[in-house]
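Right, one structure below, let's go through it.
All of these numbers come straight from a predicted model, not from anything done at the bench. Positions are given from 1, in the same order as the sequence printed here.
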Amino acid sequence: MILQDIIHIIESVAPLSYQENWDNSGLQVGNRNAEVKAALLTVDVTESVVDEAISLGCDLIISHHPLLFRGLKQITGSTPQERCVEKAIRSHIAIYSAHTSMDSYLHGVSGRMAEKLGISCYRVLVPSSTQSAVGLGVIGELPAAMSRESFVAHVSEVFASKDSVLRWVEGKAEEIHTVAICGGAGASFVEEAIAQGADAYVSADFKYHELQDAYQRITVVDMDHWVSEHFTREIFSELLSPHIRTYIAHSDQSPVRMFVGKK
């Protein structure tokens, strides 16, 4: 299959017009006219991921986070990013990233998180200025209300990771029914979640004072950034596996490790 046709499939649900103006989603490395037989799916593009693509004979890496956020001034192999570009070009591996374009797709990153939590009917939390069904985060209702503690346990079970822990603060509501969700760093949307009547908000990368501000107002569950977004690889697989071989990268893991010391 031609790379441009694969890109068309992805962009049919997550077009580049959906991305934030600071982002760099899209084709990072490669020729749009190249033949592709297999793709490796990942959240991050690392040297280990590129090596895995080479070992599997993949012609394409599809990532959530872009390899290239800013322009490279040289490619000398002195940084991991430069080495990834070098290895990919030498091995004729294309790299495509769907970052905030996939974040803004209703059934993308945040929508998939909602579905994993059992929320089947949801809407965009922060719509774009032009389309109400496009934007960041989602909000919806659980099938049945849960206590705060049971809800946190439910989130932990769904997004379980041996090297990850959840932080949380309790909100005003003792039972959780309406839930707002945003994959990745979504602390800036807490006020919007409260304004729309959410009992809980699930996202990543909260600072201490942001959690403090939410305390007694809305239950916030804060998780590792990568953990919140790793189901994105499933979305890529569902889109592309009918057309080419796809593999989920085993080497794609959060670089963050947790150490829990003894009291």
Check your understanding: For the side chain of Ser110 and the backbone of Gly183, is there at least one donor-acceptor N/O pair under 3.5 Å apart?
Key -> yes
Q) Got Val134 and Val124 here, is their nearest side-chain heavy-atom distance under 4.5 Å? A) no
* Asked: Are His177 and Phe151 an aromatic pair by the rule of ring centers under 6.0 Å?
  -> no
Heavy atoms from other residues, nucleotides or ligands near CD of Glu174 exceed 12 (cutoff 6.0 Å): no
request  = Verify side-chain contact (heavy atoms from CB on, under 4.5 Å) between Leu27 and Leu3, making sure each step is shown before the conclusion.
outcome  = CA-CA 10 Å; Leu27 185 61; Leu3 176 56; 3.9 Å; yes
In this structure, NE2 of His64 is separated from CZ of Phe236 (nearest 0.5 Å) by 7.0 Å
Problem - In one Ile/Leu/Val/Met/Phe/Trp/Tyr side-chain cluster, 4.5 Å: Ile62, Ile9 - result: yes
Ala38 backbone acceptor or donor facing Asp59 side chain under 3.5 Å = yes
Heavy-atom nearest pair, Val227 first then His230, reads O-ND1, 2.7 Å
**Joint cluster assignment, Leu72 & Ile95, ILVMFWY side-chain distance < 4.5 Å** = yes
Could you tell me whether Arg112 and Glu115 have a side-chain N and a carboxylate O separated by less than 4.0 Å?
yes
* To do: Walk me through it: do His209 and Gln212 pass the test side chain to side chain donor-acceptor pair (under 3.5 Å)?
  => CA-CA 5 Å; His209 289 293; Gln212 186 182 52; 3.1 Å; yes
| query | Can you check whether Ser101's main-chain N or O pairs, donor with acceptor, with Gln19's side chain at less than 3.5 Å? | reply | no
Margin query: Whether the side chain of Ser228 engages the backbone of Gly184 through a donor-acceptor N/O pair (distance < 3.5 Å, no angle test) should be reported.
Written below: yes
Exercise. For atom CD of Gln74, is the number of surrounding heavy atoms from other residues, nucleotides or ligands below 6.0 Å larger than 12?
Worked result: yes
ask   = Stepwise, does the side chain to side chain donor-acceptor pair (under 3.5 Å) test hold for Glu11 with Tyr96?
value = CA-CA 11 Å; Glu11 293 183 2; Tyr96 182 93; 2.6 Å; yes
- Query: Got a donor-acceptor contact below 3.5 angstrom from the Gln28 side chain to the Pro66 backbone?
  - Reply: no
Main-chain N/O of Thr100 paired to Glu20 side chain as donor or acceptor, under 3.5 Å = no
| said: Would you say that Val190 contacts Phe206 through its side chain, given a criterion of any heavy-atom pair below 4.5 Å between the two side chains? | reply: yes
*Any donor-acceptor pair under 3.5 Å linking the side chain of His99 with the backbone of Asn24?*
no
CG (Leu40) and OG1 (Thr246) are apart, to the nearest 0.5 Å, by 9.5 Å
Output for pair (Ile235 CD1, Glu229 CD), nearest 0.5 Å, gives 10.5 Å
Q.
Test your reading of the model: is there a side-chain donor-acceptor pair from Asp222 to the backbone of Arg167, 3.5 Å cut-off?
A. no
CZ of Phe189 to CG of Leu136, rounded to nearest 0.5 Å, is 4.5 Å
dist Cys182:SG -> Ile139:CD1 (nearest 0.5 Å) comes out at 12.0 Å
- Task: Would you mind reporting whether Val155 and Val152 have side-chain heavy atoms less than 4.5 Å apart?
- Result: no
**Prompt:** Would a hydrophobic clustering, with Ile, Leu, Val, Met, Phe, Trp and Tyr connected at side-chain separations under 4.5 Å, put Trp168 with Val158?
**Reply:** yes
Smallest heavy-atom separation, Asn33 atom then Asn31 atom, equals N-OD1, 2.8 Å
CD (Glu35) and CD1 (Ile2) are apart, to the nearest 0.5 Å, by 4.5 Å
Arg233 side chain near Tyr247 side chain, heavy-atom distance below 4.5 Å: no
Using a 3.5 Å distance criterion without hydrogens, assess whether the side chain of Gln196 forms a donor-acceptor pair with backbone atoms of Leu125. yes
>> Taking NE2 in His250 as the centre, count heavy atoms belonging to other residues, nucleotides or ligands within less than 6.0 Å. Is the count above 12?
In response: no
Exactly one of Glu191, Glu210, Glu170 clears salt bridge (Lys or Arg N to Asp or Glu O under 4.0 Å) with Arg217, and that residue is Glu191
Review point. If only atom types and distance count, is the side chain of Ser237 paired as donor or acceptor with the main-chain N or O of Glu234 below 3.5 Å?
Key: no
